[in-house]
Amino acid sequence: MEIPDPSSRCPVREQRARWERKRACTARELLETERRYQEQLGLVATYFLGILKAKGTLRPPERQALFGSWELIYGASQMLLPYLEEGHWGQGLEGFCHHLELYTQFAANAERSQTTLQEQLKKNKRFRRFVHLQEGRPEFGGLKLQDLLPLPLQRLQQYENLVVALAENTGPNSPDHQQLTRAARLISETAQRVHSIGQKQKNEQHLRRIQALLSGRQAKGLTSGRWFLRQGWLLVVPSSGEPRPRMFFLFSDVLLMAKPRPQLHLLQSGTFACKALYPMAQCQLCRVFGHSGGPCGGLLSLSFPREKLLLMSTDQEELSHWYHSLTLAISSQKN
């Protein structure tokens with residue numbers, strides 16, 4: 001039997017073979033997951049949206065708020081799947097990209113959708129009974145409606161991963177290389193926009209939550225134009241006397257120091273009184289001690305034009321997180 005000469009191996013041919021194997025694997029995963037995705041979209045469209053329309057359990061405004069562009073997204077998947085099944089990856093995904101704006105709209109409505117669901121479950125007895133009945137169908141496999149609603153946004157992330165991998169493993173001489181490259185770019189851009197929308201929604205939730213916890217004139221107006229970074233207890237070290245525990249809320253532009261209300265206060269127990277706001281643009285930060293990673297905690301010095309804060313924590317790791325978050329806030333104000 002003749003043994004192949006190792007010197008006869010062709011690196012270019014081997015690389016192409018690896019690309020083709022990865023492309024085939026990615027294409028198969030895209031097809032199989034699209035079938036499952038379309039099935040789940042269809043279940044919600046049939047057993048929730050369709051029946052709700054027929055029975056009138058929800059008024060059209062509430063139904064639109066709850067499901068957003070779900071039916072149009074389902075239609076886009078129905079148009080894409082036949083192309084994938086026939087192996088027309090470039091053509092199918094290029095056409096699918098015309099519907100990407102539906103995912104941006106769906107993301108923008110996501111917070112409103114969850115709020116509507118919780119409100120209707122709480123106050124609409126017919127809707128609550130209907131949802132419980134539909135969720136019990138074996139087709140849903142124990143999934144709740146609130147688990148299914150984020151499905152399109154989860155799928156968009158899968159689209160990005162799979163389509164980018166498909167494009168990267170498609171040779172430049174392939175007839176659908178340009179289509180796949182263009183689709184990968186458009187899907188990635190949409191995924192980034194959707195991520196930004198989600199981050200903004202989470203930030204607004206944090207701001208509303210913190211605003212509800214705070215009282216005092218300085219705490220008003222916290223819900224606009226800033227990003228929440230961190231909160232937690234730190235000890236304020238005075239020039240004389242014992243350190244005092246205070247709750248700190250760090251935003252992109254200010255550090256807020258708050259004092260807990262008395263536990264026995266009937267109306268404001270569990271809330272905080274805002275004691276001071278410190279502008280991060282005027283802050284100079286340094287570690288007094290706590291660099292070594294030892295068990296003794298550390299001390300941070302924050303200098304402002306009219307005041308100096310010494311903040312202490314007995315947890316070294318916690319103090320390091322605060323140092324990095326404060327550094328980020330200061331640098332963002334100086335850029």
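In this chain, residues are counted from 1 in sequence order.
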Practice problem: From the options Lys202, Arg208, Lys200, select the one residue that forms a salt bridge (charged side-chain N to carboxylate O under 4.0 Å, His left out) with Glu111. | Solution: Arg208
Quiz prompt | Step-by-step side-chain contact (heavy atoms from CB on, under 4.5 Å) determination, Leu84 to Trp89 | solution = CA-CA 6 Å; Leu84 302 186; Trp89 311 101; 3.4 Å; yes
Practice problem: Please examine the side chains of Ser252 and Met280, heavy atoms only from C-beta on, and report whether any two atoms are closer than 4.5 Å. | Solution: no
Quiz item: Would you say Tyr74 and Val44 make side-chain contact, with heavy atoms under 4.5 Å?
Solution: no
Quiz item: To the nearest 0.5 Å, how far apart are CG in Leu102 and OG in Ser69?
Solution: 5.0 Å
Exercise. Determine, stepwise, if the pair Ile210 / Leu256 fulfils side-chain contact (heavy atoms from CB on, under 4.5 Å).
Key: CA-CA 11 Å; Ile210 294 168; Leu256 186 152; 5.9 Å; no
Quiz item: Would Tyr103 and Leu186 show up in the same hydrophobic cluster when neighbours are defined by side-chain heavy atoms closer than 4.5 Å?
Solution: yes
Quiz prompt | Connected via hydrophobic side-chain network under 4.5 Å: Trp227 and Phe248 | solution = no
Exercise. Just grab all the side chain to side chain donor-acceptor pair (under 3.5 Å) pairs involving residues 236-251, residues at least two apart or on different chains.
Key: none
Self-check item: Least distance between heavy atoms, Gln201 atom then Ala108 atom
Solution: NE2-O, 3.3 Å
Self-check item: Candidate pair Tyr37 and Ser77, rule side-chain contact (heavy atoms from CB on, under 4.5 Å), full reasoning
Solution: CA-CA 8 Å; Tyr37 174 53; Ser77 176; 4.2 Å; yes
Quiz prompt | Test item: Leu58 and Asn124 side chains (from C-beta on) under 4.5 Å apart, heavy atoms | solution = yes
Quiz item: Taking all non-hydrogen atoms of both residues, which atom of Pro238 and which atom of Pro243 are closest, and how far apart?
Solution: CD-CA, 3.9 Å
Quiz prompt | With sequence neighbours excluded, residues passing salt bridge (Lys or Arg N to Asp or Glu O under 4.0 Å) with Arg193 | solution = none
Quiz item: Hey, does His99 have a side-chain heavy atom less than 4.5 Å from the side chain of Leu72?
Solution: no
Quiz item: Taking side chain as C-beta onward, heavy atoms only, is Gln231 less than 4.5 Å from Arg209?
Solution: yes
Self-check item: Counterpart residues, salt bridge (Lys or Arg N to Asp or Glu O under 4.0 Å), relative to Glu318 (two or more places apart)
Solution: Arg230
Quiz item: What distance separates Gln146 CD from Glu135 CD, expressed to the nearest 0.5 Å?
Solution: 7.5 Å
Quiz item: Judged by modelled atom types alone, do Arg129 and His132 share a side-chain donor-acceptor pair under 3.5 Å?
Solution: no
Exercise. Please check if atom CD in Gln205 has more than 12 non-hydrogen atoms from other residues, nucleotides or ligands closer than 6.0 Å.
Key: yes
Practice problem: List the atom of Leu229, the atom of Ala329, and the distance in Å for their closest heavy-atom pair. | Solution: CD1-CB, 3.8 Å
Self-check item: Note, Gln333 side chain near Asp253 side chain (heavy atom, < 4.5 Å)
Solution: yes
Practice problem: Look at Glu85 together with Arg35 and state whether they make a salt bridge at an N to O cut-off of under 4.0 Å. | Solution: yes
Quiz item: When rounded to the nearest 0.5 angstrom, what is the spacing between CG in Leu145 and CG in Leu149?
Solution: 4.5 Å
Quiz item: Which residues satisfy the salt bridge (Lys or Arg N to Asp or Glu O under 4.0 Å) test with Arg36, sequence neighbours excluded?
Solution: Glu39
Exercise. Decide whether Phe127 and Leu148 are clustered together by the hydrophobic rule: side chain heavy atoms of Ile, Leu, Val, Met, Phe, Trp, Tyr closer than 4.5 Å, transitively.
Key: yes
Quiz item: Has the side chain of Ser331 got a donor or acceptor atom that lies under 3.5 Å from a matching backbone atom of Leu328?
Solution: yes
Quiz prompt | Shortest non-hydrogen separation from Leu121 to Arg128 and the atoms involved | solution = O-NH1, 2.7 Å
Quiz item: Below 4.5 Å, heavy atoms only, C-beta onward: do Leu300 and Leu234 meet side chain to side chain?
Solution: no
Quiz prompt | Glu317, CD atom: more than 12 neighbouring heavy atoms under 6.0 Å | solution = no
Quiz item: side-chain contact (heavy atoms from CB on, under 4.5 Å) between Leu52 and Phe67: does it pass, once the steps are laid out?
Solution: CA-CA 11 Å; Leu52 282 171; Phe67 295 101; 3.7 Å; yes
Quiz prompt | Single-linkage hydrophobic cluster, 4.5 Å side-chain cutoff, Ile187 and Val164 together | solution = no
Practice problem: Could you tell me whether the side chain of Gln78 and the main chain of Gly42 form a donor-acceptor pair under 3.5 Å? | Solution: no
Quiz prompt | Gap separating the CG atom of Leu93 from the CG atom of Leu30, nearest 0.5 angstrom | solution = 6.0 Å
Quiz item: Is the number of heavy atoms from other residues, nucleotides or ligands under 6.0 Å of His321 NE2 greater than 12?
Solution: yes
Quiz prompt | Donor-acceptor pair between Arg155 and Gln40 side chains, under 3.5 angstrom | solution = no
Quiz item: Does Leu143 share a hydrophobic cluster with Leu49, counting links as ILVMFWY side-chain heavy atoms below 4.5 Å and allowing steps through other members?
Solution: yes
Exercise. May I ask you to check whether Phe140 and Phe48 place their ring centres under 6.0 Å from each other?
Key: yes
Quiz prompt | Sub-4.5 Å side-chain heavy-atom contact between Cys283 and Leu255 | solution = no
Exercise. For Ala167 and Leu180, work out which heavy atoms get closest and say how close.
Key: CB-O, 3.7 Å
Quiz prompt | Straight-line distance of Tyr47 OH to Arg137 CZ, nearest 0.5 Å | solution = 5.0 Å
Quiz prompt | Gap separating the CG atom of Leu66 from the OG1 atom of Thr116, nearest 0.5 angstrom | solution = 6.5 Å
Quiz prompt | Heavy-atom closest pair, residues Leu41 and Pro152 | solution = CD2-CG, 4.3 Å
Quiz item: Which residues satisfy the salt bridge (Lys or Arg N to Asp or Glu O under 4.0 Å) test with Arg23, sequence neighbours excluded?
Solution: Asp176
Quiz item: Relative to the ring of Phe106, is the ring of Trp70 parallel (under 30°), tilted (30 to 60°) or perpendicular (over 60°)?
Solution: tilted
Quiz item: Would you find a donor on one side and an acceptor on the other, under 3.5 Å apart, between the side chain of Asn109 and the backbone of Gln105?
Solution: no
Quiz item: So among Leu311, Ile330, Leu310, which one has a side-chain contact (heavy atoms from CB on, under 4.5 Å) with Leu302?
Solution: Leu311
Practice problem: Could you tell me which residues satisfy side chain to side chain contact (heavy atoms under 4.5 Å, CB included) with Asn161, sequence neighbours excluded, listed by chain and number? | Solution: Gln157
Quiz item: Is it true that atom OH of Tyr83 has more than 12 heavy atoms of other residues, nucleotides or ligands lying nearer than 6.0 Å?
Solution: no
Quiz item: With a 3.5 Å cut-off and no angle check, do the side chains of Tyr159 and Glu34 form a donor-acceptor pair?
Solution: yes
